[in-house]
There are 2 protein chains.
Amino acid sequence: MMSDLRSLTEVDRLLHEPSRAVIVAILATVESADFVFLQRETNLTKGNLSAHLTKLQEAGYIQIEKTFRGKYPLTLCRLTDTGRQAFQAYRQKLRQFVEQTK
Amino acid sequence: MMSDLRSLTEVDRLLHEPSRAVIVAILATVESADFVFLQRETNLTKGNLSAHLTKLQEAGYIQIEKTFRGKYPLTLCRLTDTGRQAFQAYRQKLRQFVEQTK
DNA sequence: GTAGATAAGTTTGTATTGCAAACTAGTTTT
DNA sequence: AAAACTAGTTTGCAATACAAACTTATCTAC
């Protein structure tokens with residue numbers, strides 16, 4: 001396992017975007033979260049949240065289920081196993097960088 | 001001090017680029033480093049290294065001195081106090097994120 | 001019953017990037 | 001004197017992050 005400073009350059013770019021890292025960090029603590037909840041927690045605009053969720057879904061990191069709460073749309077998101085593993089690897093990469101630097 | 005998950009979205013974007021974080025991490029360990037040394041250590045192309053160094057300089061994070069080694073150009077880089085402080089803050093932000101997530 | 005506000009999203013427009021490839025200027029080798 | 005090497009800088013382009021505009025449906029006030 002290569003473990004020098006420059007291994008940070010191989011970091012997962014999808015998760016290295018702070019907004020997405022925060023979204024995934026939240027999803028790592030709950031079994032699922034809806035769009036409105038995520039928007040309140042992240043402070044993102046609806047548009048940007050939507051775009052980030054789509055990217056996470058395309059990468060297979062989250063699963064999105066579209067349904068209804070009463071008469072309104074409900075978008076439920078949950079972290080996949082792939083997503084959880086990627087997030088752990090990402091945290092590990094950050095941890096190593098922080099520990100290896102001064 | 002705000003210290004929840006979403007404070008990661010306020011991370012220093014200049015340092016949050018892995019290539020630049022690595023450059024700065026290297027410069028944090030030496031009093032100065034030249035272009036050729038940095039290129040070997042980072043594995044960046046000359047073009048991209050040049051561009052990243054220019055950005056770090058524009059932000060006041062590094063100081064660049066152009067001189068000569070014998071007959072060849074020598075570009076010496078050193079971290080400024082501002083740059084060192086920014087890097088410490090960046091490391092702290094990463095550390096907090098890693099510690100606050102699961 | 002219809003005009004306007006609200007809910008829950010998606011799509012579009014744009015300016016900024018990170019990266020690869022091309023270029024520059026001088027020096028050494030053949 | 002042509003080719004190759006050194007030490008960089010500039011250019012071209014595709015990707016992306018964010019804001020603003022748009023969509024579709026529901027609720028409220030008149």
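For the numbers below, each heavy atom of this structure counts, side chains included, while hydrogens, waters and symmetry mates do not. Remember, predicted model here, so these are calculated numbers, not experimental data. Chain letters run A, B, ... following the sequence lines, proteins first, then strands; residues in each count from 1.
In the hydrophobic clustering of this structure, B:Val36 does not group with B:Ile26; members are Ile, Leu, Val, Met, Phe, Trp, Tyr whose side-chain heavy atoms approach within less than 4.5 Å, directly or through other members. Both B:Leu27 and B:Phe37 are part of a single hydrophobic cluster, where members link through side-chain heavy atoms under 4.5 Å apart.
The main-chain N or O of B:Thr101 is found under 3.5 Å from a side-chain atom of A:Arg91 such that the two form a donor-acceptor pair. With hydrogens and angles ignored, the 3.5 Å screen pairs a side-chain donor or acceptor of A:His16 with a backbone N or O of B:His16. Of the possible polar contacts, none joining the A:Gln96 side chain to the A:Leu5 backbone as a donor-acceptor pair under 3.5 Å is found.
In this structure, of D:dA19, C:dC19, D:dC18, it is D:dA19 that holds the atom nearest to the side chain of A:Thr45. When distances run from any side-chain atom of A:Ser50 to the nucleotides C:dG18, D:dT9, C:dT10, the shortest one goes to C:dT10. Comparing C:dC19, D:dT9, C:dA8 by their closest approach to the side chain of B:His52 singles out C:dC19.
Between A:Phe97 and B:Phe87, the ring planes lie perpendicular to each other; the angle is over 60°, past the 30° to 60° tilted range.
Atom NZ in B:Lys55 sits roughly 14 Å away from atom P in D:dT10 (whole-Å rounding). Per the geometry, CD1 belonging to A:Ile23 stands 11 Å off P belonging to D:dA17, to the nearest Å. Atom CD in B:Glu17 sits about 13 Å away from atom P in D:dT16, given to the nearest Å. Counting to the nearest Å, the C1' atom of C:dG18 and the CG atom of A:Leu14 are 16 Å from each other. Here the C1' atom of nucleotide C:dC19 and the CD atom of A:Glu10 are 16 Å apart, to the nearest Å. A:Leu44 places its CG atom 14 Å from the C1' atom of C:dG9, with the value rounded to the nearest Å. Atom CG of B:Asn48 is separated from atom P of D:dT11 by 15 Å (rounded to the nearest Å). Distance A:Glu58 CD to D:dA15 P: 13 Å, rounded to the nearest Å.
Across all strands, B:Leu49 comes closer than 4.0 Å to no nucleic acid atom at all (heavy-atom distances).
At least one side-chain nitrogen or oxygen of B:Arg20 sits closer than 4.0 Å to the OP1 or OP2 atom of C:dG18.
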- Message: Output one letter per nucleotide in nucleotides 22-30 of chain C: B when a protein non-hydrogen atom lies under 4.0 Å from the base, S when only the sugar-phosphate is that close, - when neither is.
- Response: -----SS--

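Of the two residues contacting DNA chain C, namely A:Arg13 and A:Thr54, the nearest-nucleotide position lying further toward the 5' end is that of A:Thr54.
Proximity of residues 25-42 of chain B to DNA chain C (heavy atom under 4.0 angstrom from any strand atom) is not detected for any residue.
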Result block: side-chain N/O donor-acceptor pairs under 3.5 angstrom for residues 53-69 of chain A, not counting sequence neighbours:
residue: A:Thr54; atom: OG1; partner: A:Ser50; partner atom: O; Å: 3.0
residue: A:Tyr61; atom: OH; partner: A:Asp12; partner atom: OD2; Å: 2.6
residue: A:Arg69; atom: NH2; partner: A:Asp34; partner atom: OD2; Å: 3.3

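Rounded to the nearest 0.5 Å, atoms CG (A:Leu38) and CG (A:Leu76) are 9.5 Å apart.
Taking both residues in full, the closest heavy atoms of B:Ile23 and B:His52 are given as CD1-CB, 3.8 Å, listed atom of the first, atom of the second, then distance.
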